[in-house]
Amino acid sequence: MAQQPSLIGGGAAVAVISPQYCCPYPVDLAIVRKVMTITDGNFVVTDTNGNILFKVKGVFLTFIHQRRVLLDGAGNPIVTLREKAMTAHHRWQVFRGESTEPQDLIFSAKTSSVWNVRTKLDVFLANNTKEDVCDFRVKGSWFERSCTIYAGESSAIIAQMHKKHTVQSILIGKDNFAVTVYPNIDYAFIVALIVILDEINHASSSSTGGGGADVGADFGAMFSG
């Protein structure tokens with residue numbers, strides 16, 4: 001059984017994108033990535049019953065400046081994810097709706113080390129302008145094929161990802177991942193982080209020419225057997 005995190009804020013909901021995505025019980029999500037395509041909708045997120053909760057739409061502006069839009073099951077835009085070009089580390093900004101205006105910034109995320117085999121993604125809310133301490137962080141291992149999301153620099157786990165890989169998914173060109181989001185945590189926020197992780201690892205793979213280093217592995221390879 002998964003480790004339960006310590007209560008955050010006395011058990012109050014942690015709503016980064018919206019409180020409507022916070023549930024008082026754990027939420028299990030299935031993420032299907034169509035690995036053979038780079039077209040719109042290459043991400044689909046469902047609940048355990050197969051109901052589509054989120055989709056991801058790709059918006060390719062230039063090779064160094066890309067966007068992703070997270071949609072709800074009905075196709076309504078929730079947040080826009082934009083890569084910030086020309087930075088020392090991979091850095092993404094997440095805005096409300098389809099906006100990319102500074103006043104609509106919700107949070108940003110950046111890698112602490114581009115070449116470290118044990119990745120660390122630091123997440124800062126928009127009001128954390130100094131960025132001395134992260135508000136959330138993602139740690140994972142390419143070798144262990146797992147990622148865990150924590151509240152700040154604490155040991156409080158808010159979500160965990162693990163592989164859900166089948167022979168059928170390989171044959172149809174898809175990778176499936178399971179995500180357990182802990183009680184009172186914004187699961188739309190967790191999905192947005194997963195999209196960012198995928199983009200960062202895909203970019204690393206491209207920059208290394210798809211070499212054998214695990215650092216450059218695709219997000220799908222991180223969780224595949």
Side-chain angles (χ1 to χ4, degrees), residues 1-33 43-56 68 70-74 76-81 92 94-97 105-110 118-128 133-141 144-165 175-198 200 219 222-223:
M1 185 175 179
Q3 175 188 352
Q4 292 295 316
S6 59
L7 291 177
I8 303 172
V14 179
V16 176
I17 292 176
S18 173
Q20 76 182 85
Y21 301 113
C22 299
C23 296
Y25 48 82
V27 174
D28 290 315
L29 303 174
I31 298 173
V32 180
R33 185 182 191 276
F43 262 95
V44 176
V45 182
T46 71
D47 60 18
T48 54
N49 296 318
N51 299 310
I52 295 178
L53 301 178
F54 303 103
K55 294 178 284 188
V56 178
R68 295 289 183 272
L70 181 65
L71 312 171
D72 65 17
N76 301 308
I78 300 172
V79 293
T80 295
L81 303 91
W92 283 75
V94 179
F95 302 85
R96 198 164 302 282
L105 179 68
I106 302 173
F107 69 90
S108 61
K110 68 175 183 178
R118 294 190 65 87
T119 190
K120 182 181 178 185
L121 189 68
D122 294 329
V123 182
F124 304 94
L125 297 178
N127 58 5
N128 184 358
V133 179
C134 63
D135 296 289
F136 303 92
R137 61 191 168 94
V138 183
K139 294 184 68 175
S141 169
E144 295 171 6
R145 272 75 170 174
S146 63
C147 267
T148 303
I149 304 174
Y150 299 89
E153 294 292 345
S154 74
S155 61
I157 299 172
I158 64 171
Q160 290 182 305
M161 292 172 275
H162 50 91
K163 66 180 181 179
K164 185 182 179 184
H165 206 72
D175 278 344
N176 295 343
F177 318 103
V179 181
T180 299
V181 183
Y182 283 73
N184 301 313
I185 303 300
D186 187 333
Y187 58 87
F189 167 60
I190 301 300
V191 171
L193 289 180
I194 293 171
V195 176
I196 292 172
L197 282 172
D198 178 74
I200 288 173
F219 185 69
M222 183 169 71
F223 294 107

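Please read all numbers here as calculations on a predicted model, not as lab measurements. What you see below is based on every heavy atom in this structure, not just the backbone, and it leaves out hydrogens, waters and symmetry mates. For the single chain, residues carry numbers from 1 onward in sequence order.
- A distance of 9.5 Å separates OG1 of T148 from CZ of R137, quoted to the nearest 0.5 Å.
- Atom CG of L81 sits about 11.5 Å away from atom OG of S108, to the nearest 0.5 Å.
- In this structure, the side chain of D186 engages the main chain of V16 through a donor-acceptor pair within 3.5 Å.
- Going from atom CG of N184 over to atom SG of C23 covers 8.5 Å, rounded to the nearest 0.5 Å.
- One distance of note links CD1 of I190 with OG1 of T180; it measures 11.0 Å at 0.5 Å rounding.
- In summary, E153 and K139 do not engage in a salt bridge, as defined by a charged side-chain N under 4.0 Å from a carboxylate O.
- Screening I31, V45, V27 against V179 for a side-chain contact (heavy atoms from CB on, under 4.5 Å) leaves a single residue, I31.
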The test is side-chain contact (heavy atoms from CB on, under 4.5 Å); show your working for L71 and F54 and say whether it passes. CA-CA 5 Å; L71 312 171; F54 303 103; over 6 Å; no
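- In this structure, R68 contributes its side chain and V79 its backbone to no donor-acceptor pair below 3.5 Å.
- Across all their heavy atoms, A109 and V123 have their closest contact at CB-CG2, 4.1 Å.
- I194 and M161 get closest at one heavy-atom pair: CG1-SD, 3.4 Å.
- No donor-acceptor distance shorter than 3.5 angstrom exists from the side chain of N49 to the backbone of N51, with no hydrogens or angles considered.
- N128 places a side-chain N or O within 3.5 Å of a backbone atom of V133 that can act as its donor or acceptor partner.
- Side-chain contact between I158 and V14 is absent, with no heavy-atom pair separated by less than 4.5 Å.
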For the pair L121 and I196, evaluate side-chain contact (heavy atoms from CB on, under 4.5 Å) and give the outcome as yes or no after the intermediate values. CA-CA 10 Å; L121 189 68; I196 292 172; 4.2 Å; yes
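- The side-chain heavy atoms of F124 and C134, taken from C-beta on, include a pair separated by under 4.5 Å.
- No donor-acceptor distance shorter than 3.5 angstrom exists from the side chain of D28 to the backbone of T48, with no hydrogens or angles considered.
- Closest heavy-atom contact between Y187 and L29: CB-CD1, 4.2 Å.
- Interatomic distance, CD1 of I149 versus CG of L197, reported as 7.0 Å (0.5 Å rounding).
- The side-chain heavy atoms of Y21 and I78, taken from C-beta on, include a pair separated by under 4.5 Å.
- Between the CD1 atom in I52 and the CG atom in D72 there is a gap of 11.0 Å [rounded to 0.5 Å].
- Aromatic rings of F107 and F136 (six-membered ring for Trp) have centroids beyond the 6.0 Å cut-off, not under it.
- When all heavy atoms of P183 and P24 are compared, the pair lying nearest together is CB-O, 3.7 Å.
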